[in-house]
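This report refers to the structure that appears directly beneath it.
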Amino acid sequence: QVQLVESGGGSVKAGGSLSLSCAASGRDLRTYWLGWFRQAPGKEREFVAVIGWSGGNIYADSVKDRFTISRDNAKNTVYLQMNSLEPEDMGVYYCAADQSFSRVATSYDYWGQGTQVTVSS
């Protein structure tokens with residue numbers, strides 16, 4: 001059974017930075033696409049970024065040039081560096097894993113429990 005565990009969420013003022021990590025266990029995910037999604041209260045879960053096994057990545061337009069996704073295949077871990085945070089970035093951030101590329105949350109097989117990111121203005 002695959003387990004994904006996020007860490008690194010917290011509270012920050014607008015313009016600040018946070019770094020999220022997601023460690024996987026139970027299976028070697030080095031050939032999987034690893035994604036980050038977020039969900040604000042009352043809203044649907046939305047795509048943030050995804051990275052392939054070789055490092056190719058895609059970002060949502062809303063976070064491009066502010067967020068950076070990376071992975072360490074040896075550690076089975078994916079990261080999300082978030083800079084210039086805005087109140088609109090606030091929500092629960094989830095990591096997810098799937099064997100195929102997708103920006104659609106329902107396509108992903110495995111999910112973490114989520115970590116809260118709060119951005120105050």
Side-chain angles (χ1 to χ4, degrees):
Q1 183 70 18
V2 174
Q3 286 190 322
L4 302 175
V5 179
E6 301 96 338
S7 60
S11 297
V12 66
K13 289 187 177 180
S17 299
L18 283 173
S19 182
L20 306 182
S21 299
C22 174
S25 61
R27 178 174 293 182
D28 184 352
L29 298 183
R30 69 182 71 197
T31 61
Y32 279 60
W33 288 85
L34 301 178
W36 286 97
F37 290 77
R38 66 188 181 189
Q39 189 166 18
K43 294 188 176 181
E44 293 188 354
R45 195 167 298 189
E46 66 172 356
F47 168 77
V48 174
V50 65
I51 187 167
W53 69 273
S54 63
N57 52 59
I58 301 291
Y59 294 92
D61 288 344
S62 60
V63 306
K64 201 175 296 183
D65 299 327
R66 298 188 298 120
F67 291 12
T68 302
I69 189 171
S70 60
R71 66 189 291 167
D72 185 333
N73 290 330
K75 295 182 179 180
N76 238 10
T77 299
V78 61
Y79 306 94
L80 187 69
Q81 176 64 41
M82 305 184 293
N83 298 328
S84 302
L85 281 160
E86 303 167 353
E88 292 74 21
D89 296 316
M90 189 162 53
V92 178
Y93 280 68
Y94 299 89
C95 69
D98 195 75
Q99 291 182 296
S100 301
F101 166 77
S102 178
R103 303 183 195 214
V104 179
T106 53
S107 298
Y108 282 74
D109 292 330
Y110 305 110
W111 288 90
Q113 83 289 348
T115 185
Q116 177 70 44
V117 170
T118 301
V119 184
S120 58
S121 56

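Quick caveat, the model's predicted, so the values are computed rather than measured. Side-chain atoms are counted along with the backbone in the values below, which use heavy atoms only and exclude waters and symmetry mates.
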Shared hydrophobic cluster, [X] / [Y] (ILVMFWY, side-chain heavy atoms < 4.5 Å):
X	Y	answer
V48	Y110	yes
Y32	W111	no
Y79	I51	no

Exercise. When the ring planes of F37 and Y108 are compared, do they come out parallel, tilted or perpendicular, using 30° and 60° as the limits?
Worked result: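 Perpendicular, since the angle between the ring planes exceeds 60°.
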Over all atoms of both residues, closest heavy-atom pair of [X] and [Y]:
X	Y	answer
N76	L29	OD1-N, 3.1 Å
A24	L4	CB-CD2, 3.4 Å
W53	T31	CB-CA, 3.9 Å
S84	S17	N-OG, 4.3 Å
V117	M90	O-CG, 3.0 Å
V104	S102	N-OG, 2.9 Å

For this session: Kindly determine whether Y59 and R66 satisfy side chain to side chain contact (heavy atoms under 4.5 Å, CB included), including the steps that lead there.
Result: CA-CA 10 Å; Y59 294 92; R66 298 188 298 120; over 6 Å; no
Exercise. Got more than 12 heavy atoms from elsewhere within 6.0 Å of CD, E86?
Worked result: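 Yes, the 6.0 Å shell around CD holds more than 12 heavy atoms from other groups.
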For this session: Give a yes or no on this: more than 12 heavy atoms of other residues, nucleotides or ligands lie within 6.0 Å of atom CG of D65.
Result: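 No, CG of D65 has 12 or fewer neighbouring heavy atoms, counting only those of other groups under 6.0 Å.
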Supply the atom-to-atom distance [X] [atom1] to [Y] [atom2], rounded to the nearest 0.5 angstrom.
X	Y	atom1	atom2	result
L85	S120	CG	OG	10.5 Å
L34	L80	CG	CG	12.0 Å
T68	N83	OG1	CG	6.5 Å
Q81	L20	CD	CG	8.5 Å
R71	C95	CZ	SG	11.5 Å
Q39	Y94	CD	OH	5.0 Å

[X] versus [Y]: any side-chain heavy-atom pair under 4.5 Å?
X	Y	value
C22	W36	yes
Q116	V92	yes
M82	V12	no

Exercise. Taking only residues at least two apart or on different chains, which pairs with a member in residues 52-63 satisfy salt bridge (charged side-chain N to carboxylate O under 4.0 Å, His left out)?
Worked result: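 Qualifying pairs, neighbours excluded: D61-K64.
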For this session: Kindly state each residue pair satisfying salt bridge (charged side-chain N to carboxylate O under 4.0 Å, His left out) with at least one member in residues 45-57, sequence neighbours excluded.
Result: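 The answer is R38-E46.
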Exercise. Does any N or O in the side chain of D109 come within less than 3.5 Å of the main-chain N or O of Q99, such that one atom is a donor and the other an acceptor?
Worked result: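 No.
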Exercise. Where the side chain of Q113 meets the backbone of V5, is there a donor-acceptor pair that is under 3.5 Å apart?
Worked result: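 Pair absent, no side-chain N/O of Q113 close to backbone of V5.
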